[in-house]
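Notes to accompany the following structure.
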Amino acid sequence: MDTTHKTDSGIEIKSTYPANDKKAEAPGQFPYTRGVQADMYRGKLWTMRQYAGFSTAEESNKRYKYLLANGTTGLSVAFDLPTQIGYDSDHELSDGEVGKAGVAIDSLRDMEVLFDGIRLQDITTSMTINSTAAILLAMYIALARKQGADLKKISGTIQNDILKEYAARGTYIYPPKPSMRLITDVFEYCSKEVPKWNTISVSGYHIREAGSTAVQELAFTLANGKSYLQAAIAKGLDINVFATRISFFFNAHNNLFEEVAKFRAARRMWAQITKELGATEPKAQMLRFHTQTGGSTLTAKQPQNNIVRVTLQALAAVMGGTQSLHTNGFDEALSIPTEHAARLALRTQQVIAFESGVPDAVDPLGGSYFVEALTDEVEQAAWEYIRKIDELGGSVAAIEEGYIQQAIAESAYRYQGDIEKGEKVIVGVNKFTVEEELKEEIFSVDDSIRAIQIKKIDQLRAERNADDVAAKLRRLESAAHGDQNLMPLIIDCVEAYATLGEIADAFRRVFGEFGK
């Protein structure tokens, strides 16, 4: 029997670590291993977000106001699957999915309801959206205009990371090349018009959810980020400008020290990548990231154990220097979180922030012989993957060859095998089990939501100027054949109340669909 102790990425853990005389790096200075600000949370706490969205815009709006009233400092919007893949709620493929995985947004009118009574200039909003990111951002900008907001002051993030969709998640629409064009169009437009907006959140979260190790999550995410940098540079954009608006989205799992080491290594590696590609401005070299606790770690059995898991994961994110954080509800292995579970998840962050003392020190685990050594080992293992991806021609080529997908699949298979053999203990699942009846309240979304959304769409189409919509959609489709920036034309369509599906279909006619 193997008696060695290893992290979840397979890095061997020694029983003790010798003292090292490595020169201590200062927080807030290149390569930012110890944090991107000199004072970190002593100056400002991380943004406390709660990822939420379900049913209709009206219902999600109620949840947002509830979360804001309970101390959330930023909103994080979940969209349903039809919205994510560019189908209106009345499309036949939307049947059974409307409002289930998130909120249904078919037009600017839904966006208006979603943020009713919430001033966009006063909050930051993160939107988990990829294939249709440009369209949802256009709706957000159009709404900000209607509210009279100064676009130079609105802030937030769109995920807008299509490469991880091909590698791990699957909610893509168009082939890689036109998808990358839409992403770089957003970079270019926002750098001029919405300069405080984070134009992409390069996501390792879903890579990890698909079964990768922590090292693979780090390596594949940074490799994707490098590809976005290269695409923007090829478009003629200044890395010292657009790289300041790139953020990252990482997962936090239960192996506390490996997760902290991952976050510290990520900053150091990104600083090196950006510098090698020509970044000289410190803010262009800084890796800023949002963290969400691990959805795949949550168990349906003994679900209250998830409260402990989420606390550990949130602690790892904070000790690793996250800029914003979402904590999962303990019941999310069963359903969308209830209000009770969402509030408790938020309270978890608040207890860490105001009672634990952890935010009082910058990089509280920095200088630990174990953590410093583990940071080095995680970094070294991640560079090995990145070198392999570079040899294949970068992330797009590595995805097209199936290299990244295969590596994730093999890790997921090994991990599940270890659980089934009992070599990996999951408390309450394969050890310390009890006979129990499920007593938790379950949150459900009624299938009648689709009928409500279809009625809204029918009313919208009856009230809008159909000729104006058609003309603007034709101009958008025509421009998609060329190389001009598409964002202003998407905003024009949105403001005329073209639906998300109509805009996505205009691109489908030009770009086609990946895999079809």
Side-chain angles (χ1 to χ4, degrees), residues 7-8 13 17 24-29 31-51 67 70-74 76 124 126 204-205 208 214 217-218 247-268 286-294 297-298 305-330 342-375 378:
T7 71
D8 290 342
I13 301 173
Y17 284 79
E25 299 167 355
Q29 294 184 17
Y32 311 107
T33 309
R34 305 195 65 195
V36 292
Q37 288 102 21
D39 58 355
M40 285 303 291
Y41 306 131
R42 294 169 72 98
K44 180 185 177 183
L45 289 172
W46 63 92
T47 301
M48 299 182 195
R49 299 189 187 278
Q50 284 306 110
Y51 184 54
L67 290 170
N70 276 277
T72 292
T73 54
S76 186
T124 65
S126 174
Y205 184 85
R208 191 68 175 280
E217 176 194 0
L218 174 58
S247 65
F248 287 80
F249 175 24
F250 286 116
N251 211 314
H253 276 214
N254 294 327
N255 195 311
L256 179 72
F257 296 107
E258 183 175 43
E259 294 301 301
V260 172
K262 178 188 74 180
F263 297 135
R264 299 175 86 248
R267 281 190 293 270
R268 192 156 71 199
M286 292 178 183
L287 181 143
R288 297 164 299 113
F289 67 99
H290 169 71
T291 309
Q292 181 173 338
T293 57
T297 69
L298 303 179
N305 293 346
N306 295 327
I307 299 170
V308 182
R309 295 184 177 104
V310 168
T311 303
L312 275 173
Q313 294 162 9
L315 197 59
V318 171
M319 290 196 293
T322 194
Q323 275 61 65
S324 69
L325 176 62
H326 163 85
T327 33
N328 289 330
F330 70 86
R343 184 178 65 246
L344 182 58
L346 176 60
R347 293 289 182 258
T348 301
Q349 293 198 49
Q350 292 165 336
V351 168
I352 292 172
F354 298 106
E355 297 186 30
S356 73
V358 171
D360 294 342
V362 177
D363 189 26
L365 292 179
S368 157
Y369 303 145
F370 175 36
V371 170
E372 295 293 355
L374 190 55
T375 300
V378 167

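Model, not experiment: these values are computed from the prediction.
- Summarising the geometry of L346 relative to T327, their closest heavy-atom pair is N-OG1, 4.0 Å, with the distance given to 0.1 Å.
- Q313 and N254 share a donor-acceptor pair across their side chains, judged by distance under 3.5 Å alone.
- Listed here is the closest heavy atom pair of A353 and L45: CB-CD1, 3.9 Å.
- Closest heavy-atom contact between G294 and N328: C-ND2, 3.6 Å.
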Show your reasoning for whether side-chain hydrogen bond (donor to acceptor under 3.5 Å, both in side chains) applies to T297 and R309. CA-CA 8 Å; T297 69; R309 295 184 177 104; 5.7 Å; no
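- Residues F250 and T322 have side chains not in contact (no heavy-atom distance under 4.5 Å, counting atoms from C-beta outward).
- Here the side chain of K262 pairs no donor or acceptor atom with the backbone of G320 at under 3.5 angstrom.
- Scanning all heavy atoms of the two residues, the minimum distance from P27 to Q37 falls at CB-O, 3.8 Å.
- The side-chain contact (heavy atoms from CB on, under 4.5 Å) test with Q323 is passed by exactly one of M286, H290, M40: M40.
- Note that CG of L325 and OG1 of T348 are 9.5 Å apart. Values are rounded to the nearest 0.5 Å.
- Atom CZ in R343 sits 6.5 Å away from atom CG in N70 (nearest 0.5 Å).
- Of the possible donor and acceptor atoms, one in the side chain of E217 sits under 3.5 Å from a partner among the backbone N and O of N251.
- In this structure, F289 and F263 have parallel ring planes: the angle between them is below the 30° cut-off, well short of the 60° mark.
- Within the 4.5 Å cutoff, the side chain of S368 has no heavy atoms near those of the Y17 side chain.
- Note: L287 CG to R267 CZ = 7.5 Å, rounded to the nearest 0.5 Å.
- Listed by first then second residue, pairs satisfying side-chain hydrogen bond (donor to acceptor under 3.5 Å, both in side chains) with a partner in residues 350-359 read R347-Q350, not counting sequence neighbours.
- At a threshold of 4.5 Å between non-hydrogen side-chain atoms, the residues V358 and Y41 do not count as touching.
- Taking CG of N306 as the start and CG of L344 as the end, the distance is 11.0 Å to the nearest 0.5 Å.
- Of the possible donor and acceptor atoms, one in the side chain of T73 sits under 3.5 Å from a partner among the backbone N and O of M48.
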Step-by-step salt bridge (charged side-chain N to carboxylate O under 4.0 Å, His left out) determination, E259 to R208: CA-CA 12 Å; E259 294 301 301; R208 191 68 175 280; 3.0 Å; yes
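- To the nearest 0.5 angstrom, L218 atom CG is 10.0 Å from E258 atom CD.
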Run the numbers on N255 and T7 for side-chain hydrogen bond (donor to acceptor under 3.5 Å, both in side chains), then give the verdict. CA-CA 7 Å; N255 195 311; T7 71; 5.3 Å; no
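- Smallest separation of non-hydrogen atoms from Y205 and T293: OH-O, 3.1 Å.
- Summarising the geometry, atom CZ belonging to R264 is positioned 9.5 Å from atom CG belonging to L374; distances are rounded to the nearest 0.5 Å.
- Between A317 and T291, the shortest heavy-atom contact is CB-CG2, 3.6 Å.
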